[in-house]
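Have a look at the structure below before the remarks.
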Number of protein chains: 2
Amino acid sequence: MNPIFHALFQKSRYLTNCLNEVLKQHNLYSSQWAILYCLHNHGPMTLTQIWKYLNVEAPSITRAITRLETLGWVLRIDGEDKREKIVALSPYAKEHLPAITKTILAFEEEMVGSLTVEEQQQFIILLEKMKG
Amino acid sequence: MNPIFHALFQKSRYLTNCLNEVLKQHNLYSSQWAILYCLHNHGPMTLTQIWKYLNVEAPSITRAITRLETLGWVLRIDGEDKREKIVALSPYAKEHLPAITKTILAFEEEMVGSLTVEEQQQFIILLEKMKG
DNA sequence: TGAATTTATTTACCTAGCTAAATAAATACT
DNA sequence: AGTATTTATTTAGCTAGGTAAATAAATTCA
């Protein structure tokens, strides 16, 4: 396997594992955090908006939202268009998000801090350059 | 979420999906390919050697090897040390690997070819720099 | 308006990683 | 030699992604 792919996949796995480790203290998984963060920034969203934004398929989001709902992090509200469900943060989530955000920012700083801002930009540029 | 993480995770998912798509014609998944390639380069290996090399946990490899065995790609042989199982490519795998390797090389070239060699090196350096 | 098509979500089931604990063989210790 | 510890593999069960197909509401169009 191409060393670039090998390195990329491995770092990706490594970072999600680290992220999950850090999120344990808040009883969250990284995928759940991604959704909460998304809702925090955009306000209530439909399922479709969420999966399009996060760039994953719809069933993954359905499952994650169901879990987040039973855990009390989000509410599912019927939209005007009766096909769609609107997902919103619960009061519980709104209360706890600042602390979680703080944890995450510290983690990200630790992980990415060894790169200069230019290196970070360069990294993203190189990532985007890779495609067909 | 930090844009670097977002971009990294997304590209990683995207590339494995592409890889799976390309491997469909050989009835393989990317994780299976990783193991076959590993055995192709190193010759027969124990399970522990494989998971340490690929940097995943043992149970993932056990499952993948079991599947590869029932599909006829690999053989599991008892080692001298009766605890360990040695995994080797089957004649079927040896016969088909060249064609698969060709497919993969073309795919990798397509994905990574838009980066110069220096950019590829730079990319790996930046990846490794990211840690705690 | 009624049928056909599109769109949003869900369900079922697959790969692919993880941890924790079980099993079995090898090694170390006294 | 016999017990305790370590090591290799497996099993069970979790998150997290994917596809394909089902369902139900909205939209299009003849």
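Source: prediction; values computed, not measured. Chain letters run A, B, ... following the sequence lines, proteins first, then strands; residues in each count from 1.
- As judged by a 4.0 angstrom heavy-atom cut-off over every strand, A/Thr16 is placed among residues making no nucleic acid contact.
- In this structure, NZ of B/Lys24 is placed 13 Å from P of C/dT15, rounded to the nearest angstrom.
- Counting any heavy atom pair closer than 4.0 Å across all strands shown, A/Thr48 reaches sugar-phosphate atoms only and no base atom.
- Rounded to whole angstrom, the span from the CZ atom of B/Phe9 across to the C1' atom of D/dT15 amounts to 14 Å.
- Distance, A/Ile50 CD1 to C/dT7 P: 20 Å, rounded to whole Å.
- The side chain of B/Lys85 contributes an N or O atom lying less than 4.0 Å from OP1 or OP2 of D/dT10.
- Rounded to an integer number of Å, the gap from CG of B/Leu54 to C1' of C/dA16 is 13 Å.
- Across all strands, B/Ser31 comes closer than 4.0 Å only to sugar-phosphate atoms, never to a base (heavy-atom distances).
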I'd like a table of atom pairs between the protein and nucleotides 23-26 of chain D - only N or O on both sides, under 3.5 Å - with the distance next to each one.
unit_1	atom_1	unit_2	atom_2	d
D/dA26	OP1	A/Lys82	N	3.1
D/dA26	O4'	A/Arg83	NE	3.4

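- A/Thr46 comes within contact range of the sugar-phosphate backbone alone, with a heavy-atom separation under 4.0 Å but no base atom that close.
- Rounded to an integer number of Å, the gap from CZ of B/Arg13 to C1' of C/dG17 is 14 Å.
- In the model, A/Ser12 has no side-chain atom that pairs as donor or acceptor with a side-chain atom of B/Arg13 under 3.5 Å.
- In this structure, the side chains of A/Tyr29 and A/Leu23 stay at 4.5 Å or more apart for every pair of heavy atoms.
- In this structure, B/Trp73 and B/His26 approach most closely via the heavy-atom pair CZ2-O, 3.8 Å.
- Of the candidates D/dG17, C/dC18, C/dA8, the closest approach to any side-chain atom of A/Val56 belongs to D/dG17.
- By the 30° and 60° cut-offs, the orientation of the rings of A/Phe123 relative to B/Phe123 is parallel.
- In terms of the side chain to side chain donor-acceptor pair (under 3.5 Å) criterion, residue partners of A/Gln10 (sequence neighbours excluded) are, by chain and number, A/His6.
- For A/Leu28 and D/dA16, the CG to C1' distance is 15 Å, given to the nearest whole Å.
- The residue B/Glu57 sits close to a base: some heavy atom pair falls under 4.0 Å.
- One can place CH2 of B/Trp51 at 10 Å from P of C/dT19, the figure rounded to the nearest angstrom.
- Between B/Leu75 and B/Val87 the shortest side-chain heavy-atom distance does not fall below 4.5 Å.
- Rounded to a whole Å, the CG atom of B/Leu15 is 15 Å from the P atom of C/dA16.
- Nucleic acid contact class of B/Ser30 (heavy atoms, under 4.0 Å, all strands): sugar-phosphate only.
- Along DNA chain C, the nucleotide closest to A/Asn17 and the one closest to A/Arg76 are compared, and the more 5′ of them pairs with A/Arg76.
- Where B/Arg63 and B/Gln49 meet DNA chain D, the nucleotide closest to each residue was compared, and B/Gln49 sits on the side nearer the 5' end.
- A search for side chain to side chain donor-acceptor pair (under 3.5 Å) contacts involving B/Thr101 returns nothing, not counting sequence neighbours.
- Counting heavy atoms from C-beta on, the side chains of A/Ile86 and A/Met45 never come closer than 4.5 Å.
- Base contact: A/Ser60 has a heavy atom under 4.0 Å from a base atom.
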